[in-house]
Amino acid sequence: MTFSDSSVVKAVLWAGHIAIYKNRRETLLGDSIHVDFYDESGTKTSTLTARRGRVDDQTRDFYAFEDVVVTSDDGTVLKTDSLFWTNAERKIHTEAFVEIRSTTEQIRGHGLVSDQSLKNYRIFRVTGQAVTTGQAGTNESRPPTP
């Protein structure tokens with residue numbers, strides 16, 4: 001399934017199982033999903049994986065559930081239980097618990113809004129934060145310097 005606007009691809013989605021419900025104007029996705037997100041120039045910016053999801057066929061907004069992981073092309077990793085991607089804005093939103101690991105920091109909290117490349121994100125209620133010394137996704141960290 002391809003998400004595009006004026007011939008510009010925004011995202012490409014694959015799923016093990018796709019069920020289209022025309023009367024409800026939604027598509028349900030299951031059996032593991034994979035989404036590649038692209039910027040305005042057609043460069044892949046990040047990849048999302050999850051166990052299941054849903055597409056609003058009218059707005060083309062996308063919802064992901066269960067073991068959601070977004071990995072940006074620079075190695076930043078977002079983990080959460082659920083999120084939604086707005087097609088018009090190309091933004092990721094969630095009210096759920098999140099963990100973000102990059103080459104410079106590890107942050108945990110509740111609620112997030114971010115661009116789809118994970119370069120500009122905001123966590124609403126931070127519950128933990130550390131400065132990392134290793135690669136994104138590793139467990140090497142130290143407390144932030146006061």
Legend entry - Hydrophobic cluster identity match, F62 and F65, side-chain contacts under 4.5 Å: no

Inset, instruction - Ignoring hydrogens and angles, tell me if any N or O in the side chain of T80 forms a donor-acceptor pair with the backbone of F97 under 3.5 Å. - result: yes

Legend entry - I107 side chain reached by V126 side chain, heavy atoms, under 4.5 Å: yes

Legend entry - Q129 side chain reached by E105 side chain, heavy atoms, under 4.5 Å: yes

Legend entry - L83 and V70, any side-chain heavy atoms less than 4.5 Å apart: yes

Inset, instruction - Determine the minimum heavy-atom distance between T59 and N87, stating which atoms define it. - result: O-ND2, 3.5 Å

Legend entry - Ionic contact status for K79 with E99, cut-off 4.0 Å: no

Legend entry - Side chain T86, main chain A88, donor-acceptor under 3.5 Å: no

Inset, instruction - Ignoring hydrogens and angles, tell me if any N or O in the side chain of D56 forms a donor-acceptor pair with the backbone of D61 under 3.5 Å. - result: no

Inset, instruction - Using modelled atom types only, decide if a donor and an acceptor are shared between the side chain of S117 and the backbone of T45 within a distance under 3.5 Å. - result: no

Inset, instruction - Answer yes or no: is there a side-chain heavy-atom contact under 4.5 Å between T104 and V131? - result: no

Legend entry - ILVMFWY cluster membership beyond V113 - transitive side-chain contacts under 4.5 angstrom: F124

Inset, instruction - With the side chain counted from C-beta on, respond yes when W85 and Q116 share a heavy-atom pair under 4.5 Å apart, and no when they do not. - result: yes

Inset, instruction - May I ask you to test the T47-V35 pair for a side-chain heavy-atom distance under 4.5 Å? - result: no

Review item, side-chain donor-acceptor pairs of residues 14-23, under 3.5 Å, at least two apart:
none

Legend entry - Nearest atoms (heavy-atom pairs only) where V98 meets G111: CG2-O, 4.5 Å

Inset, instruction - State plainly whether one hydrophobic cluster holds both L78 and L13, where clusters connect Ile, Leu, Val, Met, Phe, Trp and Tyr through side-chain heavy atoms under 4.5 angstrom apart. - result: yes

Inset, instruction - To the nearest 0.5 angstrom, please state how far the CD1 atom of I100 sits from the OG atom of S114. - result: 6.0 Å

Inset, instruction - Keeping the roles fixed (side chain from D67, backbone from A50), state whether a donor-acceptor pair exists under 3.5 Å. - result: no

Inset, instruction - Quick one: closest heavy-atom pair of R90 and D39, and the distance? - result: NH1-C, 3.1 Å

Inset, instruction - Determine, step by step, whether R108 and R101 satisfy the side chain to side chain contact (heavy atoms under 4.5 Å, CB included) criterion, reporting the C-alpha distance in whole Å, the side-chain angles of both residues, the deciding distance to 0.1 Å, and the verdict. - result: CA-CA 9 Å; R108 293 182 176 141; R101 291 178 184 241; 3.7 Å; yes

Inset, instruction - For the pair V68 and D81, evaluate side chain to side chain contact (heavy atoms under 4.5 Å, CB included) and give the outcome as yes or no after the intermediate values. - result: CA-CA 6 Å; V68 181; D81 288 332; over 6 Å; no

Inset, instruction - For the residue pair H93 and L112, establish whether any side-chain heavy-atom pair is separated by less than 4.5 Å. - result: no

Inset, instruction - Spell out, as yes or no, whether a donor-acceptor pair under 3.5 Å connects the side chain of K10 to the backbone of Y38. - result: no

Inset, instruction - Measure the spacing between CG of D74 and CG of L118 and express it to the nearest 0.5 Å. - result: 8.0 Å

Let me check something: any side-chain donor-acceptor pairs from residues 26-33 under 3.5 Å, sequence neighbours excluded? List them with distances.
from : atom 1 : to  : atom 2 : distance (Å)
E26  : OE1    : R54 : NH1    : 3.3
E26  : OE2    : R24 : NE     : 2.8
E26  : OE2    : R24 : NH2    : 2.5
T27  : OG1    : D57 : OD1    : 2.9
T27  : OG1    : D57 : OD2    : 3.0

Legend entry - Heavy-atom check, side chain of S82 versus side chain of T94, under 4.5 Å: yes

